[in-house]
Amino acid sequence: MTKASSNQPPPLVDYNLYDADPPLSESLEREGAAWAHDLIHELGALAGTEQAIDWGFQANANPPRLRTHDRFGNRIDEVEFHPAWHELMKVSIGHGLHALPWRDPRPGAHAARAAAFYVWSQVEGGHGCPVSMTYAAVPALRKQPDLAAQWEPLMTTLDYDPGLRVPATKKGVLFGMAMTERQGGSDVRANTTTALPVGAGGVHLLTGHKWFCSAPMCDAFLVLAQAPGGLSCFLLPRVLPDGTRNNFHIERLKDKLGNRSNASSEIALEKAWAVMVGEEGRGVRTIIEMVNHTRLDCVIGSASLMRQAVAQATHHTAHRRAFGKLLSEQPLMVSVLADLAIESEATTILMMRLAGAFDRSHESTEANFKRIGVAIAKFWTCKRAIAVVAEALECHGGNGYVEESILPRLYREAPLNSIWEGSGNVNALDVLRAMQREPDSLAAYFEEVLSAPHDSRLQRALDRLKHEIADPDGIEFRARGLVERMAVALEASLMLRFGEPAAAELFCASRLDGEWGHMFGVLPKGHDLKSVIERHRPRLYGEG
Ligand SMILES: Cc1cc2nc3c(=O)[nH]c(=O)nc-3n(C[C@H](O)[C@H](O)[C@H](O)COP(=O)(O)OP(=O)(O)OC[C@H]3O[C@@H](n4cnc5c(N)ncnc54)[C@H](O)[C@@H]3O)c2cc1C
């Protein structure tokens with residue numbers, strides 16, 4: 001008979017993800033969103049339950065299925081989801097993760113929503129896609145006030161009401177977006193989907209193909225298509241007001257590396273009914289409002305993946321022994337864990353600082369900081385999440401590599417944030433564009449970084465940056481290195497201002513002072529690493 005296991009950690013379940021995350025709760029307060037404490041505390045408790053964790057596993061083990069036709073041969077273009085997906089969605093929508101700042105636009109609302117989205121996404125990332133797109137569609141839709149008046153009330157209810165029905169009859173609706181085509185995703189100006197004007201009120205018929213269209217069971221989509229006056233943005237509902245289905249045909253679902261709970265599809269539009277949003281020929285300018293918000297969510301998603309990975313790694317190593325000691329007491333593991341922890345802390349603080357800038361974007365400096373900060377953070381945090389998750393997985397040894405652990409799912413999810421909503425290079429180039437066309441954004445960046453207490457290492461990094469930026473020679477070729485250094489300097493300044501002092505010191509000593517390797521776990525000697533790790537280690541209920 002097999003003996004009971006020994007030296008295996010207890011599962012990381014029955015804990016509150018919010019209580020276990022001081023950098024998050026501190027940031028929530030700092031960004032003026034302490035009023036949301038109860039909401040996020042409740043989500044943190046729920047996210048730590050066996051039930052919610054199981055929904056995450058179930059939704060990924062049972063991916064969505066495409067049903068193109070009903071049993072009578074009628075085209076239906078529906079996707080079926082496992083009940084666990086619907087449970088996850090119900091929690092997200094029920095807690096306003098898709099709409100909080102639009103429902104209750106008080107100071108700190110974006111920061112509150114960011115914290116809530118970050119906590120709940122740690123259970124399962126895939127279902128965040130339609131939640132994020134619905135949140136992000138609102139500011140784009142507001143470019144067309146009559147449409148916003150009609151749709152926004154439905155997009156902001158707390159009712160998750162799945163199924164394709166006439167939108168006006170539903171308790172709540174969800175939005176997606178369809179920009180990417182076979183011949184070009186980053187370069188959306190290459191879109192060939194056509195929009196034929198057919199009547200008053202901006203009504204057009206759209207014909208073409210979209211190569212990636214996630215969450216196709218959403219009620220409506222913002223779509224880019226070529227109108228007579230150029231590339232324009234359209235609102236395309238799946239069901240028309242008379243109850244008939246729009247000519248939106250799902251050709252197949254993508255077989256993806258990760259993000260498996262979510263459906264991503266290829267769609268064909270055949271004279272599909274749509275109505276223009278914003279000005280004709282200014283489609284990119286209209287939809288960029290949506291893209292900016294989904295880019296913020298890529299930062300939140302990356303922070304959330306890092307945090308969950310660090311929580312798992314600090315928990316595992318605090319309970320597993322090797323060579324006569326807990327792993328968390330082995331000097332080399334201490335170096336790895338502390339390095340991961342400060343990366344996660346810096347990302348959480350950066351994410352909350354950015355969300356705060358969305359809240360304060362009526363102030364010009366904040367709007368300028370947001371403009372460049374989102375691109376910098378999207379570039380860097382999405383890249384770092386991949387490395388953090390891989391290293392945290394390795395902290396578990398073989399246990400991290402098996403599907404019963406959440407680590408393989410985090411690992412497969414991580415690269416996605418760096419691809420969609422503008423891949424790495426596209427974001428690095430967007431930082432250059434911001435610097436060149438909107439120089440106030442660069443000034444706001446330096447103002448932000450210089451607001452940290454003086455630190456000679458940070459000052460040297462900024463001097464180097466100024467020098468690099470002033471030299472136009474080969475700047476596009478150098479963009480990745482430049483944006484990486486901008487991101488690290490920004491994180492260092494935020495850590496100096498708001499991080500735990502030992503963590504901030506370690507961050508600057510490693511990331512700015514050259515005593516660092518090309519992987520995690522290469523830290524300078526002589527720092528208080530244990531306290532840094534303990535700050536990031538989650539405690540199960542009743543655990544000391
Ligand atoms: C799971 C998933 C879901 C998605 N869901 C949606 C969705 O719902 N709606 C939607 O519209 N799209 C969606 N996308 C598409 C996604 O936004 C695109 O894949 C992305 O924008 C990149 O476009 P592309 O695939 O055409 O790659 P390309 O544009 O061909 O880019 C390929 C590579 O070249 C780089 N590159 C591009 N231009 C330059 C340049 N000038 N200089 C240097 N490098 C450059 C890019 O950074 C990238 O690394 C989804 C993608 C995935 C993977």
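Position 1 is the first residue of the sequence, and the numbers go up from there.
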Checklist entry - Within the side chain of Tyr445, is there an N or O that forms a donor-acceptor pair under 3.5 Å with the backbone of Met486? => result yes
Checklist entry - Does atom CZ of Arg433 have more than 12 heavy-atom neighbours, drawn from other residues, nucleotides or ligands, at distances under 6.0 Å? => result yes
Next on the checklist: Quick check: Trp151 with Phe175 (ring centres under 6.0 Å apart)?
Outcome noted: yes
Checklist entry - Is there a donor-acceptor pair under 3.5 Å between the side chain of Ser344 and the backbone N or O of Leu340? => result no
Next on the checklist: Any side-chain to backbone donor/acceptor pair from Arg295 onto Glu421? Under 3.5 Å, distance only.
Outcome noted: yes
Checklist outcome for this item: Here the pair of heavy atoms bringing Ala341 nearest to His536 is O-CE1, 3.3 Å
Next on the checklist: I'd like to know if the side chain of His95 reaches the main chain of Leu97, judged simply by a donor and an acceptor atom lying under 3.5 Å from each other, with no hydrogens or angles considered.
Outcome noted: no
Checklist entry - Quick check: does any side chain N or O of Glu181 sit under 3.5 Å from a backbone N or O of Thr193, one acting as donor and the other as acceptor? => result yes
Next on the checklist: Whether Arg307 engages the ring of Tyr118 as a cation-pi pair (distance to the six-membered ring centre under 6.0 angstrom, angle to the ring normal within 45°) should be assessed.
Outcome noted: no
Next on the checklist: Can you confirm whether the side chains of Arg412 and Asn259 place a donor and an acceptor under 3.5 Å from each other?
Outcome noted: no
Checklist outcome for this item: Only one of Asp104, Asp297, Asp359 passes salt bridge (charged side-chain N to carboxylate O under 4.0 Å, His left out) with Arg113, and that residue is Asp297
Checklist entry - Would you call Ile288 and Val291 a side-chain contact if the rule is heavy atoms closer than 4.5 Å? => result yes
Checklist entry - Got a salt bridge between Glu266 and Arg182, using NZ or NE/NH1/NH2 to carboxylate O under 4.0 Å? => result no
Next on the checklist: Would you say that more than 12 heavy atoms from the other residues, nucleotides or ligands in this model lie under 6.0 Å from the CD of Glu26, or not?
Outcome noted: yes
Checklist entry - Do the charged groups of Arg260 and Asp255 touch, with an N to O distance under 4.0 Å? => result yes
Checklist entry - Between Ser261 and Glu124, is a side chain to side chain donor-acceptor pair (under 3.5 Å) present by the stated rule, with each step listed? => result CA-CA 9 Å; Ser261 64; Glu124 206 285 317; 2.7 Å; yes
Checklist entry - Above 12 or not: heavy atoms from other molecules or residues under 6.0 Å from OH of Tyr15? => result yes
Checklist entry - Does Ser335 reach the main-chain N or O of Gly521 with its side chain, forming a donor-acceptor pair under 3.5 Å? => result yes
Item to check | Glu403 atom CD, neighbour heavy-atom count above 12 within 6.0 Å | outcome: yes
Checklist entry - Do side-chain atoms of Thr49 reach the backbone of Ala52 as a donor and acceptor pair under 3.5 angstrom? => result yes
Next on the checklist: Can you classify the ring geometry of His209 versus Trp211 as parallel (below 30°), tilted (30 to 60°) or perpendicular (above 60°)?
Outcome noted: tilted
Next on the checklist: Taking His41's backbone N and O only, do any of them form a donor-acceptor pair with Asn16's side chain (distance below 3.5 Å, no angle check)?
Outcome noted: yes
Next on the checklist: Taking Ala503's backbone N and O only, do any of them form a donor-acceptor pair with Glu500's side chain (distance below 3.5 Å, no angle check)?
Outcome noted: yes
Item to check | Side chains of His396 and Ser405, donor plus acceptor under 3.5 Å | outcome: no
Checklist entry - Where do Arg353 and Glu366 land on the salt bridge (Lys or Arg N to Asp or Glu O under 4.0 Å) test, with the steps shown first? => result CA-CA 10 Å; Arg353 171 67 186 89; Glu366 288 291 290; 2.8 Å; yes
Next on the checklist: The test is ring-ring contact (aromatic ring centres under 6.0 Å, His included); show your working for Phe117 and Tyr135 and say whether it passes.
Outcome noted: CA-CA 11 Å; Phe117 193 51; Tyr135 157 69; 7.8 Å; no
Next on the checklist: Taking the six-membered ring of Phe369 as reference, does the cationic atom of Arg360 (NZ for Lys, CZ for Arg) lie under 6.0 Å from its centre and within 45° of its axis?
Outcome noted: no
Checklist entry - Parallel, tilted or perpendicular for His110 and Phe358, by the 30°/60° rule? => result tilted
Next on the checklist: A quick test of your reading: do over 12 heavy atoms of other residues, nucleotides or ligands sit less than 6.0 Å from CZ of Arg478?
Outcome noted: yes
Item to check | Asn62 side-chain N/O to Gln58 backbone N/O, donor-acceptor pair under 3.5 Å | outcome: yes
Checklist entry - How far apart are the closest heavy atoms of Leu88 and Ala59, and which atoms are they? => result CD1-CB, 3.9 Å
Item to check | Leu141 side chain reached by Val277 side chain, heavy atoms, under 4.5 Å | outcome: yes
Checklist entry - Passes side chain to side chain contact (heavy atoms under 4.5 Å, CB included), Cys395 versus Val336? Steps please. => result CA-CA 8 Å; Cys395 293; Val336 173; 3.9 Å; yes
Checklist entry - Distance only, no hydrogens: is a donor on one side chain within 3.5 Å (strictly under) of an acceptor on the other, for Ser493 and Glu448? => result no
Next on the checklist: Using every non-hydrogen atom in the two residues, find where Ala375 and Val431 come nearest and quote the distance to one decimal.
Outcome noted: CB-CG2, 3.6 Å
Item to check | Closest heavy-atom pair and its distance - Leu432, Ile475 | outcome: CD1-O, 3.8 Å
Item to check | Nearest non-hydrogen partners of Asn191 and Gln183, listed with the distance | outcome: CA-NE2, 3.7 Å
Checklist entry - Can you tell me if Ser27 and Arg30 form a side-chain donor-acceptor pair at under 3.5 Å? => result yes
Checklist entry - Should the heavy atoms of other residues, nucleotides or ligands under 6.0 Å from CD of Glu29 be counted, would the total exceed 12? => result no
Checklist entry - Regarding Arg497 and Ser451, is there a side-chain donor-to-acceptor distance under 3.5 Å anywhere? => result yes
